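Quantities reported herein were computed from a predicted structural model and do not represent experimental measurements.
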2 protein chains.
Amino acid sequence: MSQDDVLLDKVKARDPEGTKRAILDAAEKLFAEKGFSGVSVRDISEASGVSQSLIHHHFGSKHALYEEVKKRAIDRFWHRWINRSKKMPHDLGFFADGVETFFWFVRDNETIMRLSCWACLEGDTDLWPGEKEAIEYLAQEISQAQEKGLLRSDVNALMLTILIEAASIFWWQYRPNFIKLFEEMGKSPENIDEWYLKNVTKVLLCGVMKETREIKPQNNDKD
Amino acid sequence: MSQDDVLLDKVKARDPEGTKRAILDAAEKLFAEKGFSGVSVRDISEASGVSQSLIHHHFGSKHALYEEVKKRAIDRFWHRWINRSKKMPHDLGFFADGVETFFWFVRDNETIMRLSCWACLEGDTDLWPGEKEAIEYLAQEISQAQEKGLLRSDVNALMLTILIEAASIFWWQYRPNFIKLFEEMGKSPENIDEWYLKNVTKVLLCGVMKETREIKPQNNDKD
DNA sequence: GTCTATATCCAGATAGAC
DNA sequence: GTCTATCTGGATATAGAC
């Protein structure tokens, strides 16, 4: 060991990768919570235990750090999505499975969902819950099912994918409001998430099974 | 006219209601664009032509002004919604009409949709795109249609309403991302909004027409 | 690589003249 | 009711020692 190394040991523990990770973790949590403008570098410094100036040293600026946070979140999102448990499209049950899988996947990835929502409002079209690869992946599964004749083929696979994502993401985004609404109406069911999912699956499943008929007046009662 | 009035005339035009409206208008636009933390009172002052201190004089604080902006937006949203053109539920066409009406209604109320999205992220459950009265109104129409036997009755009206809102609000929220996605895939259709709406209406319409059958393997091709 | 200290600016809010 | 001027704190970012 050279003299320099001995000297370095006296300095506070050096672990650049660990430090960067600590900063990114704290920043991600805070940005997801309060958005870019709602968080100060000081906040991140305190939450991560790393000094302000070191944050600037590693990332250059608050905005550059934000971009790094989002970039890392995209990677993790995609990694989790391809590694999720999944079933092969052999029958129509796969469709319900797909809807349900995505629904719970969104719940389990609240942080990135919030990050992407902030990003969307800020006009950033890079990070988003659909995330190009994930959405194309889903759409492709639907396409294949259509080719096999499992799903109606007169709806666009991509558009159907967006609808499925909408049903899940919207629910988790505004869930507190819905809970509040139900409470005000006097009902507050225990398994509200399952209940919503069951209803959505019902409707979507029937919706993708059959071709659309022409809509004609078909009153059940005469008036 | 008393001497006092003459003196007052020399002061810059006094129009408290006009001033307040100018402040609210500018604030609403900016808050919708950049969120609460992304806007300074100075920004609002410059955009409205009203001095900072006068803003504080009229609203007390930046946060109180924000609340006023949201409150006014709720009122306007609700007012617009009850005054929209609507049809009576005489046949199943009313359902497609309802979905389409809401879809374009959301497009035409971008400011309040953005405001409510910011508010949602900030943890405010008062302002939201569903907005209690509006969502109950929609759900009631669906309930009535169910009683008339126009829609399947084994799905909850409120849950169905939420799904319908999800389909529209999610689309407009992430529309720029979808446009970008389509472009990257080599397709960029002209009437993408109409296209999405057509697909959604198709699926939802079929989805609400029939009772759910038990899901059994029903392969079209044998494998 | 990591810290303390600090420069510089801008934020929300107030004082007080008119 | 409306303005100009100002207070005070907190923001991002940098300088420079170790």
Side-chain angles (χ1 to χ4, degrees), chain A residues 1-28 30-31 33-70 118 122, chain B residues 1-28 30-31 33-70 118 122:
Chain A
M1 268 197 183
S2 75
Q3 218 174 356
D4 280 37
D5 289 329
V6 175
L7 278 173
L8 286 177
D9 280 345
K10 291 184 181 174
V11 176
K12 188 160 174 180
R14 292 191 180 201
D15 175 16
E17 286 315 307
T19 301
K20 287 180 87 168
R21 208 177 316 116
I23 296 168
L24 283 169
D25 288 343
E28 178 176 291
L30 286 167
F31 283 141
E33 240 173 81
K34 313 184 188 186
F36 180 74
S37 313
V39 174
S40 69
V41 179
R42 209 186 299 266
D43 294 334
I44 299 168
S45 163
E46 283 166 12
S48 62
V50 176
S51 71
Q52 274 191 62
S53 53
L54 193 47
I55 294 175
H56 278 97
H57 173 75
H58 280 302
F59 296 97
S61 72
K62 180 189 173 188
H63 197 265
L65 168 59
Y66 186 47
E67 293 303 319
E68 280 294 310
V69 165
K70 289 191 283 184
W118 289 111
E122 288 155 3
Chain B
M1 269 193 182
S2 73
Q3 217 173 356
D4 279 37
D5 289 328
V6 175
L7 279 173
L8 286 176
D9 280 348
K10 290 185 179 172
V11 176
K12 191 162 174 181
R14 293 191 179 201
D15 175 15
E17 287 314 306
T19 302
K20 287 181 88 168
R21 208 179 314 119
I23 296 168
L24 284 168
D25 288 344
E28 178 176 291
L30 286 166
F31 284 139
E33 239 173 83
K34 312 184 188 182
F36 180 74
S37 312
V39 174
S40 69
V41 179
R42 210 184 298 268
D43 294 336
I44 299 167
S45 163
E46 281 165 13
S48 62
V50 176
S51 71
Q52 270 192 66
S53 53
L54 193 46
I55 294 176
H56 279 95
H57 173 75
H58 279 303
F59 296 96
S61 72
K62 181 190 173 188
H63 197 265
L65 168 59
Y66 187 46
E67 293 304 319
E68 279 295 310
V69 165
K70 288 192 284 187
W118 288 111
E122 288 156 3

* From D:dT12, C:dA11, C:dC3, pick the nucleotide closest to the side chain of A:S40? -> D:dT12
* To do: Please state how far atom CD1 in A:I44 lies from atom C1' in D:dA11, giving the value in whole angstrom units.
  => 12 Å
* Asked: How close or far is atom P of D:dA11 from atom CG of A:L65, stated in whole angstroms?
  -> 15 Å
* Asked: Once you round it to whole Å, what is the distance between C1' of C:dA11 and NZ of B:K34?
  -> 15 Å
* Under 4.0 Å: is that the gap between some side-chain N or O of B:S51 and OP1 or OP2 of D:dT2? -> no
* D:dT12 P sits how many Å from A:E46 CD, rounded? -> 12 Å
* Structure fact -> B:F36 atom CZ is separated from C:dA11 atom P, nearest whole Å, by 13 Å
* **Integer-rounded Å distance: C:dG1 P and A:F59 CZ** => 11 Å
* Structure fact -> Heavy-atom nearest pair, A:E122 first then B:W118, reads CG-CH2, 4.2 Å
* To do: Sorted by first residue and then second, give each salt bridge (Lys or Arg N to Asp or Glu O under 4.0 Å) pair with at least one member in residues 57-68 of chain B; sequence neighbours left out.
  => B:E67-B:K70
* To do: Could you pull out all residues at least two apart from B:A47 that satisfy side-chain contact (heavy atoms from CB on, under 4.5 Å)?
  => B:A26, B:L30
* Structure fact -> Across all chains, not counting sequence neighbours, the side-chain contact (heavy atoms from CB on, under 4.5 Å) partners of B:S37 are A:S37
* Calculate the interatomic distance between B:L54 atom CG and C:dT14 atom C1'; express it in whole Å. => 14 Å
Donor-acceptor contacts, no H, no angles, side chain residues 50-57 of chain B, under 3.5 Å, sequence neighbours left out:
unit_1 : atom_1 : unit_2 : atom_2 : d
B:S51  : OG     : B:L54  : N      : 3.4
B:H56  : ND1    : B:Q52  : O      : 3.4

* **With sequence neighbours excluded, residues passing ring pair (Phe, Tyr, Trp, His ring centres under 6.0 Å) with A:F59** => none
* To do: Provide, to the nearest angstrom, the distance between the CD1 atom belonging to B:I23 and the P atom belonging to D:dT2.
  => 8 Å
Detail all sub-3.5 Å separations between protein N/O atoms and N/O atoms belonging to nucleotides 13-17 of chain D.
unit_1 : atom_1 : unit_2 : atom_2 : d
D:dA13 : OP2    : A:H56  : NE2    : 3.0
D:dA13 : OP2    : A:K62  : N      : 3.0

